[in-house]
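From a predicted model like this one, the values you see are computed outputs, not experimental measurements.
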Amino acid sequence: MRNLRSANALPTVRRIFLVCASLAAIYFPTATDAREMVRKGDVVVVPLRGEVSPSLLMFLRRAEKEAESSGASAIIFEMDTYGGRLDSAEEIINVLNRATIPTYTFINPNAGSAGSLIALATRHIYMAPVSAIGAAAPVLATGEDLPGTERDKTLSYWAALLRSSAIRNGHNPDIGEAFMNKEKEVKVGDRVVHPKGTLLTLSAQEATEQINGKPLLADAIADSVTDLSRKAGLKGRTVALDPTGFEQLAFWITALAPLLLLGGIIGAYLEFKIPGASLPGIFAGICFTLFFLGHYLAGLAGWEVMALFVLGLVLVLIEILFFAHSTIVVGVVGVFLMLGSILWAMIDRYPGENFFPTGSMLALPLRNLFIAMVASGIVIMLLARYLPRTSFYRRFALITSSPSGPSLVGERREFANAAALVPGMQGRSLSVLRPSGKAQFADHIVDVITQGEFIPPETPITVVATDGMRVVVKGAK
């Protein structure tokens, strides 16, 4: 009897809400607890281990925002990496240069390749007794050197980026450039610290050597994070922030944001167009939940964004269920709140920045939202045209007569195509139309929707328009 269920929006919304709430509950309580761990004045220790990759970027960005928003007094990155992707290293450098609290790198024991470039983006560098930093020449993914022109362009760009980052954080810019370019000579005063011909790599003892009363690169050698805190004069309680198992998931979710939005919009459309189907609504709920969950894990969105989306959804439902016959203001406000929350979730805003985003902050979110809206519009038009002809739709769509039952065994079942109905055709409502439901025209039982009015059962109605699956009706005079 699934084909005869009422096209009521409320059960649909309840299913979507329950799915969203269940999925969110899996993670959000633990995330809240993690935020409460960091208190004002604490020293936050963040591990920076393994390959420099997009997932590491996600974690470091979240950790920095959490430390700053909680009022931490400093943040220490405990580093052990042989490098990784330059594009991720560039993003991490930009994140660290945004920091508004003192940043420390504790090299324990390796800061190789891209790791050395990241270390220069923190204000203080400490090294374990047996450790090294340097050798950051860019290479291809295969490990081979870059070809001539590409190598020159890459070195030129990174030399400028590293010099500005090193100067901002009080480090010698020539050292950062020598990490990448073997043709760079490093001089401090009249002393040649590193001649041309090889990439610069420094041991802990070399990096902390005092030249003209100032260490070459690192502030000091430290045996541990506790020793670093003592030597740096950090008084706050030490709190460790570790990556969660969702950091990699967050990277993929944010990368697939347009597809998730597309899936959510199409799923919601199918749920309201095919009353007997439950899967599209569940699919839409999962897509929107994953979208907000991924951006939450990536440090881009908070609880307030999801609350804004839910508020917009509630207003849209109120419009459909109660005010559709008199006004559209409530629904329009709800739609704008939902779109605004989706856009807000994708904006990369740091603590202390202005509430209103800049053009560069809006560029990627607007692009993703535009792609999702255009793609969903195209898909919806194609579905409206071709879906009624598919076997999938026939499984759920209303049939031309009551479905086979004990008294109707052997009755031939025929699919009713909305195209058989024409404007002006008279019929009657079989269920409450608020604004969608079932109606009968001659031998056809079809899914219809009104222009906003509520129509009780067994009321004469007239077809106003048809468009693919959509049959618009009004009360007959």
Side-chain angles (χ1 to χ4, degrees), residues 37-38 42-53 55-64 66-67 72-86 88-89 92-93 95-97 99 101-136 162 165-166 169-172 175-176 178-180 199-210 215-244 247:
M37 288 175 53
V38 182
D42 288 346
V43 176
V44 176
V45 180
V46 177
L48 198 162
R49 303 189 184 98
E51 183 183 5
V52 177
S53 63
S55 58
L56 180 63
L57 164 64
M58 292 289 184
F59 166 58
L60 292 184
R61 178 168 56 191
R62 177 180 66 82
E64 181 180 314
E66 187 167 331
S73 60
I75 183 168
I76 300 172
F77 298 96
E78 187 172 4
M79 180 179 290
D80 181 14
T81 179
Y82 289 103
R85 293 175 51 166
L86 273 182
S88 298
I92 292 173
I93 289 171
V95 168
L96 297 182
N97 280 321
I101 59 176
T103 52
Y104 294 77
T105 294
F106 177 42
I107 300 172
N108 184 26
N110 296 303
S113 192
S116 63
L117 312 181
I118 294 171
L120 290 172
T122 58
R123 300 179 189 176
H124 304 277
I125 299 175
Y126 284 74
M127 301 180 69
V130 180
S131 58
I133 180 174
L162 287 179
S165 180
N169 293 285
H171 305 303
N172 187 336
I175 290 178
F179 283 158
M180 296 192 72
L199 294 174
L200 175 61
T201 301
L202 297 173
S203 66
Q205 292 70 28
E206 292 169 337
T208 56
E209 181 184 358
Q210 296 282 330
L216 180 62
L217 177 62
D219 291 7
I221 295 175
D223 295 321
S224 62
V225 170
T226 302
D227 189 31
L228 184 157
S229 298
R230 181 181 60 80
K231 291 181 176 179
L234 302 177
K235 304 297 183 182
R237 180 179 65 113
T238 300
V239 178
L241 284 183
D242 294 314
T244 68
E247 302 294 343

Q: Quick one: closest heavy-atom pair of V95 and R61, and the distance?
A: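 Nearest heavy atoms, V95 then R61: CG1-CA, 4.1 Å.
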Q: Rounded to the nearest 0.5 Å, what's the gap from OG on S229 to CZ on F106? Could you check?
A: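 Answer rounded to 0.5 Å: 10.0 Å.
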Q: To the nearest 0.5 angstrom, please state how far the CG atom of L216 sits from the CD atom of Q210.
A: 10.0 Å
Q: With a 4.5 Å limit on heavy-atom distance, are the side chains of E206 and T201 in contact?
A: no
Q: What pairs with Y104 under ring-ring contact (aromatic ring centres under 6.0 Å, His included), at least two apart in sequence or on another chain?
A: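 If we apply the ring-ring contact (aromatic ring centres under 6.0 Å, His included) test to Y104, skipping adjacent residues, the hits are H124.
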Q: For the residue pair A136 and S113, what are the closest heavy atoms and their distance?
A: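 Minimum heavy-atom separation between A136 and S113: CB-O, 3.3 Å.
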Q: May I have the step-by-step check of side-chain contact (heavy atoms from CB on, under 4.5 Å) for F179 and L120, ending in yes or no?
A: CA-CA 11 Å; F179 283 158; L120 290 172; 4.1 Å; yes
Q: If you look at every heavy atom in N108 and A128, which pair is closest and at what distance?
A: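 Here N108 and A128 meet closest at OD1-CB, 3.5 Å.
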Q: Would you name the heavy atoms of T81 and V52 that are closest together and state the gap between them?
A: OG1-CG2, 3.9 Å
Q: Step by step, would you call T226 with T238 a side-chain contact (heavy atoms from CB on, under 4.5 Å)?
A: CA-CA 8 Å; T226 302; T238 300; 5.9 Å; no
Q: Between R85 and E51, does any NZ, NE, NH1 or NH2 come within less than 4.0 Å of an OD or OE carboxylate oxygen?
A: no
Q: First locate atom OG of S131, then atom CD1 of I221, and finally report the distance between them rounded to the nearest 0.5 Å.
A: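 One gets 7.0 Å once the value is rounded to the nearest 0.5 Å.
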Q: In chain order, what residues pass the side chain to side chain donor-acceptor pair (under 3.5 Å) check against S165, with sequence neighbours excluded?
A: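 Checked S165 against side chain to side chain donor-acceptor pair (under 3.5 Å); matches are N97.
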Q: Indicate yes or no for a side-chain donor-acceptor contact from T103 to the backbone of R123 under 3.5 Å, with no hydrogens or angles considered.
A: yes
Q: Should L48 and L56 count as side-chain neighbours, where that means a heavy-atom distance under 4.5 Å?
A: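 SC-SC contact between L48 and L56 confirmed.
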Q: Any chance you could measure L96, atom CG, to L60, atom CG, to the nearest 0.5 Å?
A: 6.5 Å
Q: For a side-chain contact (heavy atoms from CB on, under 4.5 Å) check, start with the C-alpha distance between L117 and I92, then their side-chain angles and the critical distance, and finish with the verdict.
A: CA-CA 10 Å; L117 312 181; I92 292 173; over 6 Å; no
Q: Tell me which one of I75, V44, V43 satisfies side-chain contact (heavy atoms from CB on, under 4.5 Å) with I101.
A: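 Running side-chain contact (heavy atoms from CB on, under 4.5 Å) over I75, V44, V43 with I101 returns exactly one hit, I75.
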Q: Check P129 against A222 and note the closest heavy-atom contact, atom names and distance.
A: CD-O, 3.4 Å
Q: Considering all heavy atoms of both residues, which atom of H171 and which atom of T122 are nearest to each other, and what is their separation?
A: NE2-O, 2.7 Å
Q: Counting only heavy atoms not in K235, do more than 12 sit closer than 6.0 Å to its NZ atom?
A: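 At most 12 heavy atoms, drawn from other residues, nucleotides or ligands, come within 6.0 Å of this atom.
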Q: The criterion is salt bridge (Lys or Arg N to Asp or Glu O under 4.0 Å); which residues satisfy it with D80, sequence neighbours excluded?
A: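 Once residues adjacent in sequence are excluded, D80 has no partner under the salt bridge (Lys or Arg N to Asp or Glu O under 4.0 Å) criterion.
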Q: Does any non-hydrogen side-chain atom of F77 lie less than 4.5 Å from one of I118?
A: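 Heavy-atom side-chain distance check fails, nothing below 4.5 Å.
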Q: Rounded to the nearest 0.5 Å, how far does CG of L200 lie from CD1 of I133?
A: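 It is 9.0 Å, given to the nearest 0.5 Å.
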Q: Do F59 and V46 pass the side-chain contact (heavy atoms from CB on, under 4.5 Å) test, and can you show the C-alpha distance, the side-chain angles, and the key distance before you say yes or no?
A: CA-CA 9 Å; F59 166 58; V46 177; 3.5 Å; yes
Q: Working to the nearest 0.5 angstrom, can you tell me the gap between I107 CD1 and L202 CG?
A: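 It is 9.0 Å, given to the nearest 0.5 Å.
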